[in-house]
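Chain naming here is simple, since letters A, B, ... match the order of the sequence lines and numbering starts at 1 in each.
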Protein chains: 2
Amino acid sequence: MAKPNSSSTAIKLLQSHSLTTLVHREIERRILSGDMAPGDKLNEADVAGELNVSRGPVREAFRALEQAGLVRTEKNRGVFVREISLAEADEIYEVRAGLDELIGRLAAERITAAQVAELRELLKKMQRVARARSVDDYYPLNVRFHALLASCAGNATLESVYGQLVNELHLYRRETLARGADSFPISTREHSEIVDALARRDGDRAARLLYGHAMESRERLHATLERAVAPPPTRTPPLPPQRAPRRNRRPEVPR
Amino acid sequence: MAKPNSSSTAIKLLQSHSLTTLVHREIERRILSGDMAPGDKLNEADVAGELNVSRGPVREAFRALEQAGLVRTEKNRGVFVREISLAEADEIYEVRAGLDELIGRLAAERITAAQVAELRELLKKMQRVARARSVDDYYPLNVRFHALLASCAGNATLESVYGQLVNELHLYRRETLARGADSFPISTREHSEIVDALARRDGDRAARLLYGHAMESRERLHATLERAVAPPPTRTPPLPPQRAPRRNRRPEVPR
DNA sequence: GTGTTGCAGATTGTTGACAATCTACAAACG
DNA sequence: CGTTTGTAGATTGTCAACAATCTGCAACAC
């Protein structure tokens, strides 16, 4: 009765929230927020106990997180927060640069006036924080800026793939404490130029700026790492045998 | 005793192959091979029975497949082979084009002589098949060509992301039977030019060719679809209520 | 003392049973 | 005759117990 097909959003939420989903999100939150460091072990029974569920949903959530690249599983040994090597971070930066380039080209075509305004708003906030040199405040704003940019490309698939890579890079940052790559507000001018190019619908320039911007982050990462090569390697004193396998997504040709 | 640290690969295989993994691969194979069509329902008990395992591993495999974008889950209703709309296929093609461009640029720097030879070998085979106009033989070769190209970029992350998108597009092909997009051997000349550019290490040209190549596939897809707009919509006579939600990967800003 | 072997505890992998929810059909009602 | 309501069956969501495997320590042999 009443409204049969109003599709009340509240209903939809409860409809899709199984325990597995909840557990998945909670663990993801813990990993990305830094509550758990890369290499930490996730004990099924402990997690289940803390969240007051049984081990079934926890195991299901682990499989999803593994596919998302946030944890690594070793049979009969457990799941661990994924550790990202410098080489892997390098790879991810490279892919991200390519996607950023695409984002620039597409966003220039499709961006709306409201989105430009929102970006400029965010830019102002970033410049304030940059002047205050508060690095830890700057990083999340930078992440938000690029996420917003990705959404301006008007391609949900692109946004989703991009977001996954950013998550993995975030993991790397947590692991090495190599704060330099995306944190220092070196790039406020570049950010402004990007938004300007988008506002003028100059896709080629936006694409070029964004690609260069991402590659610079990668360079800064290397610089930071090389500077920190003589001091202790940031943590991990004993470092277990390291029999970690590669990730498991494979192309697989049909037929 | 004997060889304590030979890391015999046979051991490693049994080490990582849990039932969940096996089930995951088997279902993936069934979906990509076309044994199951998009929209088909995957019944937990049935799958468990066919593979002689209990429902636990099956459910875990489902969660991984969902994250990989191959199935869609509706709470209390089941999991279904993902149906990809034209709009989504369009998005994926767009992202794939961007990645192809990146692949061209990177592969030009890193490709080896052996890889060039392998590509040329494959090209010859493709031209033979193209002359014979056997479309169904051409498609898998085309897939292999692009997978090989992706591996030449020397970036495992890129290869993995690219492979996932290709899988999803394959799903679209299965769904619509829109064979035109990647099947017709229109592009043997373009393929040759791409390999030539890579062999000359002309990254800019390879990137441009590959981007254009992917975008052409997208255009062909549209053309094929528009040509088939008056005839019946390729299948799905009743078409259930269609309350499919969006995919569930989300960026999620930390802290 | 050094290295090996064998247990005990803990953790993961798997299973089957139970609870909650949905679908479909049929009976009752207007 | 069409609509609604209730019930039965099937299916998914969750749980707790069992089996297999691993880790660490202690006892033993050399």
Asks: Can you identify which nucleotide, out of D/dC15, C/dG13, C/dC22, has its nearest atom closest to the B/Asn76 side chain?
Replies: C/dC22
Asks: CD of B/Glu74 versus C1' of D/dG13: gap in Å, rounded?
Replies: 15 Å
Asks: Rounded to the Å, how far apart are B/Asn52 CG and C/dG16 P?
Replies: 10 Å
Asks: Can you confirm whether B/His146 sits close enough to B/Asn142 that some side-chain heavy atom of one is under 4.5 Å from a side-chain heavy atom of the other?
Replies: yes
Asks: Could you tell me how far apart A/Leu51 (CG) and D/dT14 (P) are, to the nearest whole angstrom?
Replies: 13 Å
Asks: Which nucleotide sits closest to the side chain of B/Lys75: D/dG13, D/dC15, C/dT14?
Replies: D/dG13
Asks: Please give, in whole Å, the distance from D/dT14 C1' to A/His17 NE2?
Replies: 18 Å
Asks: Quick check: on DNA chain D, is the nucleotide nearest A/Thr20 upstream (toward 5') of the one nearest A/Arg55, or the reverse? Name the residue that is more 5'.
Replies: A/Thr20
Asks: For residues B/Arg29 and B/Asp35, determine if any side-chain heavy atom of one lies less than 4.5 Å from a side-chain heavy atom of the other.
Replies: yes
Asks: Rounded off to whole Å, could you give me the CZ-to-C1' distance for the B/Phe62 and D/dT14 pair?
Replies: 17 Å
Asks: Roughly how many Å is it from CD in B/Glu44 to P in C/dT21, rounded to a whole number?
Replies: 16 Å
Asks: Kindly indicate, with the supporting measurements, whether the criterion side chain to side chain contact (heavy atoms under 4.5 Å, CB included) is fulfilled by A/Tyr162 and A/Asp100.
Replies: CA-CA 8 Å; A/Tyr162 188 82; A/Asp100 266 325; 3.0 Å; yes
Asks: Scan side-chain atoms only and decide if B/Thr157 and B/Ser160 contain a donor-acceptor pair under the 3.5 Å cut-off.
Replies: no
Asks: If you only use heavy atoms from C-beta on, which nucleotide in C/dT12, D/dC15, D/dT12 is closest to the side chain of B/Lys41?
Replies: D/dT12
Asks: Which nucleotide sits closest to the side chain of B/Leu19: C/dT12, D/dT12, C/dT15?
Replies: C/dT15
Asks: What's A/Gly56 touching, base or sugar-phosphate or nothing? Going by heavy atoms closer than 4.0 Å.
Replies: nothing
Asks: Quick one: B/Asp46 CG to D/dT12 C1', roughly how many Å, whole number?
Replies: 13 Å
Asks: Do B/Glu168 and B/Ile84 come close enough that some side-chain heavy atom pair is under 4.5 Å?
Replies: yes
Asks: Nearest whole angstrom, please: distance from the C1' of C/dT15 to the CZ of A/Arg59.
Replies: 12 Å
